[in-house]
Amino acid sequence: GKILALSGGVGGAKLLHGLAEELPPEQLTAVVNTADDFDFWDLRICPDLDSNMYALAALNDQDRGWGMEDETWRTMVAMRRLGGETWFQMGDQDLATHLYRSMELRAGKSLTEVTAYMCQHLGVEHRLLPMCEEPVATEVLTDRGTMEFQEYFVRERCQPSVQSLRFRGIEQASLNPAIADYLADSELAAVVICPSNPFLSVDPILSVPGFREALSDSGVPVVAVAPIVAGNAVKGPLGKMMAELDMPASASQVVRYYQQRHGDLIDAYLLDQQDSGLAEDIIQMGVAVTEADTMMTDMAAKRRVATAVLELVEQLT
Ligand code: FO1
Ligand code: CA
Ligand code: CA
C-alpha cells in the first residue's frame, strides 16, 4: 500500500531518502513542515522543503545537514562586504532555489506548485507537499524573550532556554488539499512519522487544521521512528529542548508526549536497539514496539531503517 511520511529537516530527510529508495513514487508522498520558513534578503526560504528536496535529489551536503554539497559562498562574502545581514548562510547554488521560489510565488504560483516544479527539474520523482499554503511561523518563547525560529536556531545557536513554542498563523491555515486527497486514498497503508523534532517539525504538521481529522478518518496506522537514541537527539536541539521543557530526554518520553498532546496518535514505534530497556514502558502506553539499529550514517543504513519501518507497517496491516 501507499505511505504518507511526515518530515521535518535533516533527520526526516534521511529516512525519507531511504523510503524513496524502497518505494516507487506512486507509493510514497511526504508532508513537509513549513513552520521553519521565513524571509531573508526578501527571499522566501523553506529550509525543510529544501532539505528533503536536496536529499532526494542527492544534492544535499551530508556533513552540514542543510544546503547543497560542493557549495561556494561568494555571495555571502560580497554581502558581508556591503554590510548586509549575514547570520543566515546561503550558498551560491542554494540561492538559486530561494530566488526561483520567490519569483514564482510572487508571480502567483502556489508553494505546492513551485516545489513540484523544482523537484521535477532536479529529478525528484516522489512528491513533496508543504503542509499548507498559508505562511505559518514558529515563535520560540525563551528566557531571553520571544524570537522567530531561525533567530533562535541559527542566529542564537539554540542557546536560549526554551519555555514554549507557538505556531503563528496556524489557525488561519488549512490542510494542503493534495494531502487530504492522499489521506483519503483507499490504497493508503500507513502514516510514518520520521525521526524529526516532535516540537519543531511534527507538531506544526499535526496542528494544521484538518490534518488530525483527515488522519483519523483514514483509519490507517501511524508508525513513528525514535528521534532520540540512548538519551541523545540524533541531530539538533531536541535533547536540550526536552530538558528545558522538564521532560526526560528519552525515546519513550517522545511517545508519551505524542500520546498526551495528540491523543492516541502512535500505533507503533521503531526504537533503537540501544534503547531496548524502554520497550516495556512504551508497550504499556498501548504502542507496538520494534527494535532496530536506527542510525542513518550512509545510504545502506537509510535503506535498512526504511525497510524496518515498512516491515512494521506490514505487520500492522
Ligand atoms: N542552519 C544553520 O545552523 N546555519 C545556517 O546558516 C543555515 C542556513 C540555511 C540555509 C538554507 C537552508 O535550507 C537551511 C539552512 N540552515 C542553516 C538549516 C535550517 O535553518 C535548520 O536546519 C532547519 O530549519 C531546522 O530543521
Ligand atoms: Ca526543521
Ligand atoms: Ca490509532
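Just so you know, residue 1 is the first one in the sequence shown, and it goes up from there. Start at 1 and go down the list; that is how both ligands and their atoms are numbered. This is a predicted model, so every value here is computed, not measured.
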Relative to the heavy atoms of [X], which atoms of ligand 1 are at a distance of less than 4.0 Å?
X: Asp94; value: 10 (C), 11 (C)
X: Phe153; value: 21 (C), 22 (O), 25 (C)
X: Asp36; value: 23 (C), 24 (O), 25 (C), 26 (O)
X: Phe149; value: 24 (O)
X: Gln150; value: 20 (O), 24 (O)

message: Please compare Trp87, Phe88, Phe40 and report which has the shortest non-hydrogen distance to atom 12 (C) of ligand 1.
response: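 Ranked by closest heavy atom to atom 12 (C) of ligand 1, first place is Phe88.
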>> Taking the basic N atoms (NZ, or NE/NH1/NH2) and the acidic carboxylate oxygens, is any pair closer than 4.0 Å for Lys302 and Glu21?
In response: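 Salt bridge absent between Lys302 and Glu21.
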*asked:* Under a 4.0 Å threshold between the charged nitrogen and the carboxylate oxygen, would Lys109 count as salt-bridged to Glu133?
replied: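 Looking at Lys109 together with Glu133, the answer is no, because their closest N to O distance does not fall below 4.0 Å.
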Assign the ring pair Tyr117 / Tyr100 to parallel, tilted or perpendicular, where the plane angle (0 to 90°) is split at 30° and 60°.
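If you compare the ring of Tyr117 with that of Tyr100, the planes turn out parallel.
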Could you state the interatomic distance from CG (Asp203) to CZ (Arg261), rounded to the nearest 0.5 Å?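 With rounding to 0.5 Å, CG (Asp203) is 4.0 Å from CZ (Arg261).
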If you measure from each non-hydrogen atom of Val10 to ligand 1, which part falls under 4.0 Å: side chain, backbone, both or neither?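 Val10 to ligand 1: no contact under 4.0 Å from either part.
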Heavy-atom contacts under 4.0 Å between Asp48 and ligand 1: side chain, backbone, both, or neither?
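For Asp48, only side-chain atoms sit under 4.0 Å from ligand 1.
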Checklist line | Sub-6.0 Å ring centroid separation between Phe40 and Trp87 | finding: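 Aromatic pair counts; centres sit under 6.0 Å.
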Q: Please report the C-alpha distance between Thr112 and Asn176 in whole Å, then the side-chain angles of each, then the deciding distance to 0.1 Å, and finally whether the side-chain hydrogen bond (donor to acceptor under 3.5 Å, both in side chains) criterion is met.
A: CA-CA 8 Å; Thr112 301; Asn176 186 333; 2.9 Å; yes
**Asked** So, is Asp50 polar-close to ligand 1, with some N/O to N/O distance under 3.5 Å?
**Response**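 N/O-N/O distance below 3.5 Å does not exist for this pair.
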Please evaluate residues Asp50 and Thr97 with respect to the criterion side-chain hydrogen bond (donor to acceptor under 3.5 Å, both in side chains), reporting the C-alpha separation (whole Å), side-chain torsions for both, the decisive distance (0.1 Å), and the verdict. CA-CA 8 Å; Asp50 291 347; Thr97 303; 5.3 Å; no
